[in-house]
Number of protein chains: 2
Amino acid sequence: MKAIDILNQHNLKRTSCREGLLDVLIEAQRPISENQIRALLPGNYDRTTFYRSFKTLEENNIIHKIVVDSQFVTYALANEITHRHNHAHFYCHECHKVQCLDEVPVMSTPLPEGYEALEKEVIIKGICPECHA
Amino acid sequence: MKAIDILNQHNLKRTSCREGLLDVLIEAQRPISENQIRALLPGNYDRTTFYRSFKTLEENNIIHKIVVDSQFVTYALANEITHRHNHAHFYCHECHKVQCLDEVPVMSTPLPEGYEALEKEVIIKGICPECHA
DNA sequence: AATGAACTTGCAACATTGTTGCATTTGACA
DNA sequence: TGTCAAATGCAACAATGTTGCAAGTTCATT
Ligand SMILES: [Mn+2]
Ligand SMILES: [Mn+2]
Ligand SMILES: [Zn+2]
Ligand SMILES: [Zn+2]
């Protein structure tokens with residue numbers, strides 16, 4: 001799926017920032033941060049524009065955001081799986097890469113009386129297979 | 001338990017910043033942010049000192065940190081329960097309060113081959129009992 | 001009580017993440 | 001191609017966090 005098609009599908013204007021962002025995220029195939037995206041992106045966009053693009057793309061379920069820590073936030077393409085079921089994320093302390101664990105469903109947690117859960121974020125931190133050698 | 005006793009127990013120097021921080025967190029009985037702590041704290045400490053205190057207290061398992069979002073981070077006292085088993089946190093979209101769900105254990109997630117989990121953060125967002133009326 | 005080493009603090013500077021208002025530019029459609 | 005709603009760039013600001021270094025504080029020992 002090309003960036004342009006995705007934007008058209010969602011009736012979003014095709015701007016070079018959005019298109020570039022999406023291209024980079026499609027290419028990356030995993031969650032990356034604003035700075036990482038910026039390094040891979042040809043154009044030079046204002047940070048405000050970047051964040052407004054993130055917001056729009058997230059509201060349209062085209063991308064999703066993973067807050068690893070307050071100082072390390074990543075964005076990744078959404079897909080049918082991630083759009084439908086919630087999924088966990090993994091952060092590797094060694095290589096500092098973030099992964100969508102699409103195949104790891106987020107179990108529903110029984111909450112005490114009166115709590116209404118709307119979203120649930122699960123982030124697991126440890127050592128990834130590549131660094132585990 | 002008094003702040004001073006906690007510091008002594010952990011062989012930490014008794015400084016007014018640490019003592020004040022702890023007093024506020026003991027009083028609050030729930031996770032609050034740096035700014036909220038600061039508003040409740042008599043003295044006026046440099047932010048660097050604040051953060052160094054947070055770090056020290058966290059390393060000694062006296063407090064723990066809850067990243068609700070990259071722009072909203074809270075700190076709470078740790079207790080025997082939170083120290084021993086991992087627990088989930090709840091954020092209310094209405095009142096913006098954060099709660100430690102001590103009684104809600106974090107289920108161990110079966111990970112794909114090769115992943116070694118060291119930590120796991122679970123944050124549930126929704127509406128709390130008080131706001132659910 | 002005074003001493004002194006080790007620890008803590010305050011300040012300056014910087015980095016990451018994110019938002020709002022407003023003037024200007026641009027994309028999409030007629 | 002012209003129009004207008006939408007997107008962008010810029011300025012300013014806020015929350016969160018770190019590092020280096022000089023100055024101050026704690027606390028054990030004398
Ligand atoms: Mn994901
Ligand atoms: Mn907690
Ligand atoms: Zn790794
Ligand atoms: Zn509430």
Side-chain angles (χ1 to χ4, degrees), chain A residues 3-22 31-60 62-76 91 96 98 121 123, chain B residues 3-22 31-60 62-76 91 96 98 121 123:
Chain A
I4 296 174
D5 301 319
I6 297 174
L7 291 173
N8 283 337
Q9 257 183 25
H10 290 82
N11 276 98
L12 295 174
K13 281 194 183 170
R14 175 154 75 86
T15 70
S16 67
C17 181
R18 288 173 183 173
E19 198 184 326
L21 259 180
L22 277 180
I32 54 180
S33 70
E34 179 206 339
N35 281 339
Q36 292 171 322
I37 295 172
R38 191 174 292 283
L40 295 167
L41 196 55
N44 198 26
Y45 301 94
D46 189 84
R47 297 190 54 253
T48 316
T49 306
F50 238 61
Y51 278 101
R52 284 196 270 232
S53 295
F54 283 141
K55 200 181 171 204
T56 301
L57 295 174
E58 198 180 7
E59 282 168 355
N60 283 269
I62 297 170
I63 65 173
H64 64 290
K65 174 180 170 179
I66 303 107
V67 179
V68 177
D69 192 19
S70 55
Q71 303 298 104
F72 186 37
V73 176
T74 61
Y75 297 87
Y91 168 75
H96 310 294
V98 182
E121 317 283 348
I123 179 143
Chain B
I4 296 174
D5 300 319
I6 296 174
L7 291 172
N8 282 337
Q9 257 182 25
H10 290 81
N11 275 99
L12 295 174
K13 282 193 181 171
R14 175 154 74 86
T15 70
S16 67
C17 181
R18 288 173 182 172
E19 198 183 328
L21 260 180
L22 277 180
I32 53 179
S33 71
E34 179 207 338
N35 281 338
Q36 291 170 323
I37 295 172
R38 191 174 292 284
L40 295 167
L41 196 55
N44 197 26
Y45 300 95
D46 189 83
R47 296 190 54 253
T48 315
T49 305
F50 240 61
Y51 279 102
R52 284 196 270 232
S53 295
F54 283 141
K55 200 181 170 205
T56 301
L57 295 174
E58 198 180 8
E59 283 168 354
N60 283 269
I62 297 170
I63 66 173
H64 65 290
K65 174 180 170 179
I66 303 109
V67 178
V68 176
D69 192 18
S70 56
Q71 304 297 106
F72 187 38
V73 177
T74 61
Y75 298 87
Y91 168 73
H96 310 293
V98 182
E121 316 284 349
I123 179 143

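Residue numbering restarts at 1 for every chain, and letters A, B, ... go by the order of the sequence lines.
- Comparing atom distances between the A:Ser33 side chain and each of D:dT16, D:dT26, C:dT17 picks out C:dT17 as nearest.
- Neither OP1 nor OP2 of D:dT16 sits under 4.0 Å from any side-chain N or O of B:Lys65.
- With DNA chain D read from its 5' end, the first of the two nearest nucleotides for B:Asn35 and B:Lys13 is the one closest to B:Asn35.
- In this structure, A:Glu19 atom CD and D:dA7 atom P are separated by 15 Å, rounded to whole Å.
- Side-chain N/O atoms of B:Tyr51 and B:Glu34 include a donor and acceptor closer than 3.5 Å.
- Comparing D:dG9, C:dG10, D:dT16 by their nearest atom to the side chain of B:Val73 picks out D:dT16.
- Distance from the side chain of A:Tyr51 is smallest to C:dT19 among C:dT19, D:dC10, C:dA28.
- Across all strands shown, B:Tyr75 has heavy atoms under 4.0 Å from sugar-phosphate atoms exclusively, and none from any base.
- Between C:dC11 and B:Tyr45, no contact under 4.0 Å exists linking OP1 or OP2 to a side-chain N or O.
- Between the CZ atom in B:Arg18 and the CZ atom in B:Arg52 there is a gap of 11.0 Å [rounded to 0.5 Å].
- Listed candidates were D:dT16, C:dT17, C:dT9. Nearest to the side chain of B:Ser70 is C:dT17.
- When heavy atoms are screened at a 4.0 angstrom cut-off, A:Arg14 is found touching the sugar-phosphate backbone but no base atom.
- Mapping B:Arg52 and B:Gln71 onto DNA chain D by nearest heavy atom places B:Gln71 at the nucleotide closer to the 5' end.
- Looking at heavy-atom distances under 4.0 Å, A:Phe54 makes no contact with the nucleic acid at all.
- In the set D:dG9, D:dA7, D:dT8, the nucleotide with an atom closest to the side chain of A:Arg18 is D:dA7.
- Within the 4.5 Å cutoff, side-chain heavy atoms of A:Leu41 are placed close to those of A:Phe50.
- Going from atom CG of B:Leu12 over to atom C1' of D:dT25 covers 15 Å, rounded to whole Å.
- One finds the CD1 atom of A:Ile32 at 11.5 Å from the OH atom of A:Tyr75 (value rounded to the nearest 0.5 Å).
- What separates CG of A:Leu7 from C1' of D:dA6 is a distance of 14 Å, to the nearest Å.
- Side chain to side chain, A:His96 and A:Tyr91 meet the donor-acceptor criterion of an N or O pair below 3.5 Å.
- Side-chain contact of A:Thr48 with A:Asp46: a donor-acceptor pair under 3.5 Å is present, judged by distance alone.
- Atom CZ in B:Phe72 sits about 12 Å away from atom C1' in D:dT16, given to the nearest Å.
- The phosphate of C:dT9 (OP1 or OP2) has a side-chain N or O of B:Thr15 nearer than 4.0 angstrom.
- In this entry the distance linking CZ of B:Arg47 with P of D:dT19 reads 14 Å, nearest Å.
- With distances taken from any side-chain atom of B:Thr49 to the nucleotides C:dC22, D:dG17, C:dT9, the minimum falls on C:dT9.
- In this structure, the CD atom of B:Glu58 is 9 Å from the P atom of D:dG17, given to the nearest Å.
- D:dA15 atom P lies 11 Å from atom CD of B:Gln36, rounded to whole Å.
- The distance between atom CD1 of A:Ile66 and atom P of C:dG18, rounded to the nearest whole Å, is 12 Å.
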